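Before any comments, here is the structure.
Predicted, not measured: the structure shown is a model, and the values here were computed from it. In what follows, chains carry the letters A, B, and so on, assigned in the order in which the sequence lines appear, proteins first and then strands, with residues in each chain numbered from 1.
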Amino acid sequence: MSVRTRIAPSPTGAPHLGTAYVGLINRVFADARGGAFVVRIEDTDQARSSRASEVAILEALRWLGISWDEGPDVGGPHGAYRQSERLDIYHRHADDLINTGAAFRCFCTPERLAEVRRAQISARETPRYDGRCLDLSQDEIDARLAAGEKSVVRLKVPEEGICSFEDQLRGEIQVPWMQVDMQVLMKSDGFPTYHMAACIDDHLMGISHLIRGEEWLSSVPKQQLLVNAFDWQMPRLVHLPLIRNPDGSKLSKRRNPTSIDYYRRIGILPEALLNYLGTLGWSMPDERDIFSLDEMRSAFDLARIKTSAPVFDPVKLRNFNGRYVRALDSEAFVARYAAWLSESDALARIAALVQERTEAFEDIARQVDYLVGSRATLNPEDFDNPRLETDRQLEILAFVSWSFEGLERWQRDEIHACCKTMCDALEMKFRDFLWPLFLAISGRPVSLPLFDSMAVIGRDVTLMRCRDAIECLGGISKKREKSLRKVFEAMGPFNRHSVQ
RNA sequence: GUCCCCUUCGUCUAGUGGCCUAGGACUCUGGGUUUUCAUCCCAGCAACAGGGGUUCGAGUCCCCUAGGGGACGCCA
């Protein structure tokens with residue numbers, strides 16, 4: 001049997017380090033076994049998926065040097081590689097499941113389900129579907145369907161017994177069927193859920209080894225049920241440890257920059273990032289910590305993957321990157337630095353900002369320092385402003401960060417419109433509103449135009465600098481954040497501007 | 001709460017019953033080289049979660065406890 005692996009990112013945000021990590025292991029394993037590696041886009045969440053995110057994810061992987069043999073951009077014999085383009089396949093399979101009795105139609109409303117869940121939680125039970133629609137008569141189903149009632153397709157799950165499966169890293173794992181919920185397979189919008197789509201696609205695309213994050217371990221029983229219902233073969237399962245924040249929780253942007261683009265923007269070399277990722281949960285047989293993708297490929301062995309979850313350490317990443325940078329010969333160093341500086345036209349955009357403020361070229365460097373490098377380290381006193389209390393400044397920084405995350409296009413006019421609307425909603429003078437933002441972005445109260453600056457340094461770095469400013473001002477407690485979120489959401493969306 | 005997974009220096013890891021007086025890397029500390037800084041070199045601090053077994057022998061195998069994490073969505 002030929003080895004085929006895949007990653008299946010969902011295009012719902014910035015390219016995530018976790019995607020790169022899982023992608024790296026899948027790529028390298030496929031190569032070590034002479035197999036193929038597939039990228040499939042899981043865009044079954046209509047509300048959150050975007051083509052921009054898909055493009056960004058593929059571009060980030062490419063930048064890292066992770067290539068794929070089949071995918072939405074390069075095609076392949078098992079297409080389409082975008083789930084939204086495979087809807088008919090899922091519908092056919094859903095019908096099969098209903099016909100064979102492996103699944104059933106469910107008319108329960110989200111409201112009722114929420115109610116059931118609440119009751120179960122307060123009764124200290126595991127929240128799961130209560131089986132209300134399990135035994136509807138065919139006549140009733142037909143009638144309600146004909147009446148245009150919304151419905152979903154749910155998976156039938158055994159009432160008792162044990163589900164047993166094998167993980168290549170952890171051995172046999174047993175889960176009581178009692179613990180498994182009657183998962184929704186087809187949503188009422190006609191789109192499949194992850195469980196349905198991934199299972200079918202993995203089979204149809206001939207995936208031999210499912211190498212993915214540990215968060216999927218508990219969904220294996222559902223997948224097994226589906227595989228058996230279709231009379232297919234289960235792929236081999238490899239559940240990778242989850243990369244974690246310094247506090248031990250699953251890696252999230254709350255505590256760390258998790259976007260691959262962020263590391264690209266601050267000047268991390270792709271080969272250094274890939275190397276560092278390769279040392280998480282895996283090690284070279286000879287204990288070398290610096291190794292190339294090719295070296296990892298030829299030495300790769302699944303058995304050397306650890307099952308305990310590593311902490312992502314940005315300090316060590318920087319150390320790795322430093323070693324790579326210093327190993328460059330001087331010509332390559334210049335070339336790489338120049339390429340980084342002029343990425344996405346930054347130099348030209350900076351020049352446009354700085355030219356009219358220049359009498360002699362010697363004036364330039366100090367104006368653009370925070371655009372071509374990190375900004376100055378801030379002290380709490382830097383934010384002192386008689387017209388603006390610290391709390392107010394924190395609020396502005398938090399609100400702005402939140403709305404930036406959802407901003408569709410990262411361009412000066414959009415950023416400006418977003419801030420202006422929010423400023424008006426807060427009934428503040430724009431000048432005051434901008435105070436903490438200038439400090440956060442440039443490190444000083446006066447700098448080159450703010451929104452152009454943000455556009456130049458990019459969304460991820462902007463967000464990171466805002467977060468850092470918030471920390472500098474003493475941070476925001478979980479409790480405070482919660483209440484601020486409410487206020488923020490009540491004020492309405494600030495990131496839906498359509499600026500020409 | 002329920003189920004599942006995990007547990008070696010602060011962090012990433014080596015270790016698959018005797019080679020372990022537990023090794024390497026990052027961080028930190030001290031020293032050397034360097035006009036400064038950085039690099040580089042040398043040295044140092046620092047760990048088998050706890051308790052029971054199995055065995056001549058346990059970081060390595062088994063059990064219990066504790067701790068951590070994940071899942072429990074018409075998100076993936």
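- Between the CG atom of Leu113(A) and the P atom of C72(B) there is a distance of 15 Å, given to the nearest Å.
- Closest to the side chain of Arg154(A), from the set U27(B), C74(B), C5(B), is C74(B).
- Checked against G73(B), C4(B), A25(B), the side chain of Ile173(A) finds its nearest nucleotide in C4(B).
- Heavy-atom neighbours of Lys253(A) NZ from other residues, nucleotides or ligands within 6.0 Å: at or below the threshold of 12.
- Base contact: Thr126(A) has a heavy atom under 4.0 Å from a base atom.
- To the nearest angstrom, P of G73(B) lies 5 Å from CZ of Arg117(A).
- Look at Lys306(A) and you won't find any side-chain N or O under 4.0 angstrom from OP1 or OP2 of G15(B).
- Residue Asn319(A) has a polar side-chain atom (N or O) positioned under 4.0 Å from OP1 or OP2 of U27(B).
- Residue Lys187(A) places at least one side-chain N or O under 4.0 Å from the OP1 or OP2 atom of A76(B).
- Of the two residues near RNA chain B, Asp43(A) and Asp313(A), the one whose nearest nucleotide lies more 5' is Asp313(A).
- When distances are taken from the side chain of Ser308(A) to each of C4(B), C72(B), U7(B), the shortest belongs to U7(B).
- For the pair Arg265(A) and Tyr262(A), the cation-pi criterion (under 6.0 Å, within 45° of the ring axis) is not fulfilled.
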Run the side chain to side chain contact (heavy atoms under 4.5 Å, CB included) test on Val220(A) and Ile173(A) for me, step by step, so that the C-alpha distance in whole Å, both residues' side-chain angles and the decisive distance to 0.1 Å come before the verdict.
CA-CA 10 Å; Val220(A) 173; Ile173(A) 293 170; over 6 Å; no
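- Glu271(A) places no side-chain N or O within donor-acceptor distance of the main-chain N or O of Ser292(A), the cut-off being under 3.5 Å.
- Within the shown strands, G70(B) is the pairing partner of C3(B) under the Watson-Crick or G-U definition, both distances less than 3.5 Å.
- Residue Ser249(A) has no polar side-chain atom (N or O) positioned under 4.0 Å from OP1 or OP2 of G68(B).
- One can place NZ of Lys316(A) at 13 Å from P of G24(B), the figure rounded to the nearest angstrom.
- Pair check for C75(B) finds none; no Watson-Crick or G-U wobble contact set falls under 3.5 Å.
- The number of heavy atoms from other shown groups lying within 6.0 Å of CD (Glu159(A)) does not exceed 12.
- Under the Watson-Crick or G-U wobble criterion, with both distances below 3.5 Å, G30(B) is paired with C42(B).
- Nucleic acid contact class of Cys163(A) (heavy atoms, under 4.0 Å, all strands): none.
- You'll find that the side chain of Pro127(A) is closest to C72(B), out of C6(B), C72(B), C3(B).
- Residue-level contact check: Ser188(A) touches the bases, meaning some heavy atom is under 4.0 Å from a base atom.
- If you take atom P in U16(B) and the same atom in G73(B), they sit 42 Å apart, rounded to whole Å.
- With P as the reference atom, A76(B) and U60(B) are 42 Å apart, rounded to whole Å.
- Straight-line distance between the P atoms of G18(B) and G10(B): roughly 26 Å, to the nearest whole Å.
- Note: His209(A) and Phe29(A) meet the aromatic proximity criterion, with ring centroids under 6.0 Å apart.
- With both ends at atom C1', the span from A46(B) to U8(B) equals 12 Å, rounded to whole Å.
- Here Lys250(A) lies in heavy-atom contact (under 4.0 Å) with sugar-phosphate atoms only.
- In this structure, the CG atom of Leu328(A) is 15 Å from the C1' atom of U39(B), given to the nearest Å.
- Residue whose closest nucleotide on RNA chain B sits further toward the 5' end, between Gln179(A) and Ser151(A): Gln179(A).
- Within the nucleic acid shown, Ser219(A) has no heavy atom closer than 4.0 Å to any nucleic acid atom.
- Here the P atom of nucleotide A76(B) and the CD atom of Gln183(A) are 9 Å apart, to the nearest Å.
- Comparing G30(B) with G23(B), their C1' atoms sit 22 Å apart, to the nearest whole Å.
- Using a 4.0 Å heavy-atom criterion, one finds that Pro310(A) contacts the sugar-phosphate atoms exclusively.
- In this structure, CG of Asp247(A) is placed 14 Å from C1' of U11(B), rounded to the nearest angstrom.
- Residue contacts shown for Val152(A) include a base, since a base heavy atom lies under 4.0 Å away.
- Under the 6.0 Å cut-off for aromatic ring centres, Tyr90(A) and Phe191(A) do not qualify, their centroids lying 6.0 Å or more apart.
- Using a 4.0 Å heavy-atom distance criterion, Glu42(A) is classed as a sugar-phosphate-only contact.
- At the heavy-atom level, Arg212(A) lies nowhere under 4.0 Å from the strands shown.
- Put simply, CG on Leu237(A) and CD on Gln168(A) are 7.5 Å apart, with the number rounded to the nearest 0.5 Å.
- Between G59(B) and C9(B), the two P atoms lie 15 Å apart (nearest whole Å).
- Phe320(A) has its CZ atom 16 Å from the P atom of G24(B), to the nearest Å.
- The nearest whole Å value for the distance from the CZ atom in Arg244(A) to the P atom in G10(B) is 15 Å.
- Between A49(B) and C72(B), the distance separating the two P atoms is 30 Å to the nearest Å.
- The P atoms of U27(B) and U39(B) are separated by 8 Å, rounded to the nearest whole Å.
- One finds a side-chain N or O of Ser283(A) lying less than 4.0 angstrom from the OP1 or OP2 phosphate oxygen of A14(B).
- Heavy atoms of Arg48(A) sit under 4.0 angstrom from at least one base atom.
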